[in-house]
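Accompanying notes for the structure given below.
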Amino acid sequence: QVQLSESGGGLVQSGGSLRLSCAASGRTFSSYVIGWFRQAPGKERDFVAAINWSGGSLVYADSVKGRFTISRDNTKNTVYLQMISLKPEDTAVYYCASTQSGSRWYRPQTFDTWGQGTLVTVSS
């Protein structure tokens with residue numbers, strides 16, 4: 001099992017960019033699917049993006065397509081979420097999570113290990 005830790009959140013103006021990192025511990029990191037989710041105050045945790053073990057399969061929520069890019073470096077045990085053209089509605093706590101499931105990556109219930117989250121605030 002892996003342990004996950006997010007970093008890179010902060011305050012940015014609308015239209016700005018941020019890169020989030022999800023660092024993992026564990027020798028078998030490369031065998032896991034990693035997903036990014038976000039949760040705004042008073043709302044449910046929503047799917048953002050996911051990437052399979054090789055990086056060859058990427059999935060994005062419609063709300064972030066064309067603006068967010070997920071990638072991974074298995075040599076560094078890290079998954080990244082590059083975010084550009086940020087909007088105030090992107091404001092949330094962003095979580096990374098891991099699973100060995102091959103499907104339903106859009107469902108939080110599919111993922112069994114979670115990081116502590118990193119706050120992204122986009123001002124208008």
Side-chain angles (χ1 to χ4, degrees):
Q1 192 172 2
V2 296
Q3 292 182 318
L4 305 173
S5 179
E6 304 92 337
S7 62
L11 174 63
V12 64
Q13 289 187 333
S14 181
S17 302
L18 280 175
R19 188 178 78 161
L20 305 183
S21 298
C22 174
S25 63
R27 295 177 296 172
T28 59
F29 169 76
S30 61
S31 68
Y32 286 84
V33 171
I34 302 296
W36 283 97
F37 291 78
R38 64 187 181 186
Q39 189 166 20
K43 295 189 176 181
E44 294 184 347
R45 191 167 296 190
D46 291 332
F47 172 74
V48 174
I51 186 168
N52 75 332
W53 68 274
S54 69
S57 182
L58 313 174
V59 181
Y60 295 95
D62 287 344
S63 59
V64 306
K65 280 181 182 176
R67 300 189 299 123
F68 291 11
T69 302
I70 189 171
S71 62
R72 69 189 296 162
D73 185 343
N74 288 337
T75 66
K76 297 182 178 179
N77 278 13
T78 303
V79 171
Y80 304 98
L81 186 68
Q82 179 69 50
M83 307 184 295
I84 67 170
S85 301
L86 283 162
K87 305 174 182 180
E89 51 264 44
D90 294 318
T91 295
V93 177
Y94 283 70
Y95 299 89
C96 65
S98 67
T99 182
Q100 290 187 304
S101 174
S103 63
R104 298 187 177 184
W105 296 344
Y106 57 90
R107 299 171 71 242
Q109 300 92 323
T110 300
F111 293 79
D112 45 37
T113 300
W114 294 80
Q116 82 288 350
T118 185
L119 177 61
V120 172
T121 303
V122 184
S123 63
S124 57

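Treat the numbers as computed from the prediction; the structure is a model and nothing was measured.
- The minimum heavy-atom distance linking S31 with Q100 is given by the pair OG-NE2, 3.5 Å.
- Checking side-chain atoms of Q116 against main-chain N and O of S5 turns up no donor-acceptor pair under 3.5 Å.
- Using a distance-only test at 3.5 Å, with no hydrogens or angles considered, a donor-acceptor pair links the side chain of N52 to the main chain of G55.
- Surrounding CD of Q3 are at most 12 heavy atoms belonging to other residues, nucleotides or ligands under 6.0 Å away.
- Taken to the nearest 0.5 Å, the OH atom of Y80 stands 12.0 Å off from the SG atom of C96.
- In terms of modelled atom types and a separation under 3.5 Å, the side chain of R104 and the main chain of T110 share no donor-acceptor contact.
- Closest approach of C22 and I34 over heavy atoms only: SG-CG2, 4.4 Å.
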Decide yes or no on salt bridge (Lys or Arg N to Asp or Glu O under 4.0 Å) for D90 and K87, but give the supporting numbers first.
CA-CA 5 Å; D90 294 318; K87 305 174 182 180; over 6 Å; no
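- S101 contributes no side-chain N or O that, together with a main-chain N or O of T99, makes up a donor-acceptor pair within less than 3.5 Å.
- Y94 and L18 fall within a single hydrophobic cluster, where Ile, Leu, Val, Met, Phe, Trp and Tyr are joined by side-chain heavy atoms under 4.5 Å apart, directly or via other members.
- Residues F47 and A61 come closest through the heavy atom pair O-CB, 3.4 Å.
- Partner of V48 under the side chain to side chain contact (heavy atoms under 4.5 Å, CB included) criterion, out of V59, L20, L81: L81 alone.
- You'll find the side chain of D112 reaches within 4.5 Å of the side chain of S98, heavy atoms only.
- The shortest heavy-atom contact between A23 and T78 is CA-OG1, 4.2 Å.
- Following chains of ILVMFWY side-chain contacts shorter than 4.5 Å, one can reach V79 starting from V64, so the two form part of one hydrophobic cluster.
- Looking at S17 and I84, their side chains come closer than 4.5 Å, going by heavy atoms from C-beta outward.
- R107 CZ: more than 12 foreign heavy atoms inside a 6.0 Å radius.
- Looking at T121, its side chain never comes within 3.5 Å of a backbone N or O of T91 through a donor-acceptor pair.
- Of the possible donor and acceptor atoms, one in the side chain of Y60 sits under 3.5 Å from a partner among the backbone N and O of I70.
- In this structure, W53 places its CH2 atom where only 12 or fewer heavy-atom neighbours from other residues, nucleotides or ligands lie under 6.0 Å away.
- A single hydrophobic cluster is not seen to contain both V33 and V2; linkage of ILVMFWY side chains at heavy-atom distances under 4.5 Å, directly or through other members, places them apart.
- Judged purely by atom type and a 3.5 angstrom limit, Q13 has no side-chain atom pairing as donor or acceptor with the backbone of S123.
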Audit row: R67, M83, side-chain contact (heavy atoms from CB on, under 4.5 Å) steps and yes/no
CA-CA 6 Å; R67 300 189 299 123; M83 307 184 295; over 6 Å; no
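- Within 6.0 Å of CD on Q109 lie more than 12 heavy atoms contributed by other residues, nucleotides or ligands.
- Aromatic ring centres of F111 and F37 lie closer together than 6.0 Å.
- How far NZ of K65 is from CG of L58: 11.5 Å, rounded to the nearest 0.5 Å.
- Taking all atoms of both residues into account, the shortest heavy-atom contact from S14 to P88 is OG-CD, 3.8 Å.
- Among all heavy-atom pairs drawn from R38 and A92, the shortest one is CB-CB, 3.8 Å.
- Linking ILVMFWY residues whenever their side-chain heavy atoms come closer than 4.5 Å, directly or via other members, leaves Y106 and I51 in distinct clusters.
- Y95 and L4 fall into different hydrophobic clusters, where Ile, Leu, Val, Met, Phe, Trp and Tyr are joined by side-chain heavy atoms under 4.5 Å apart, directly or via other members.
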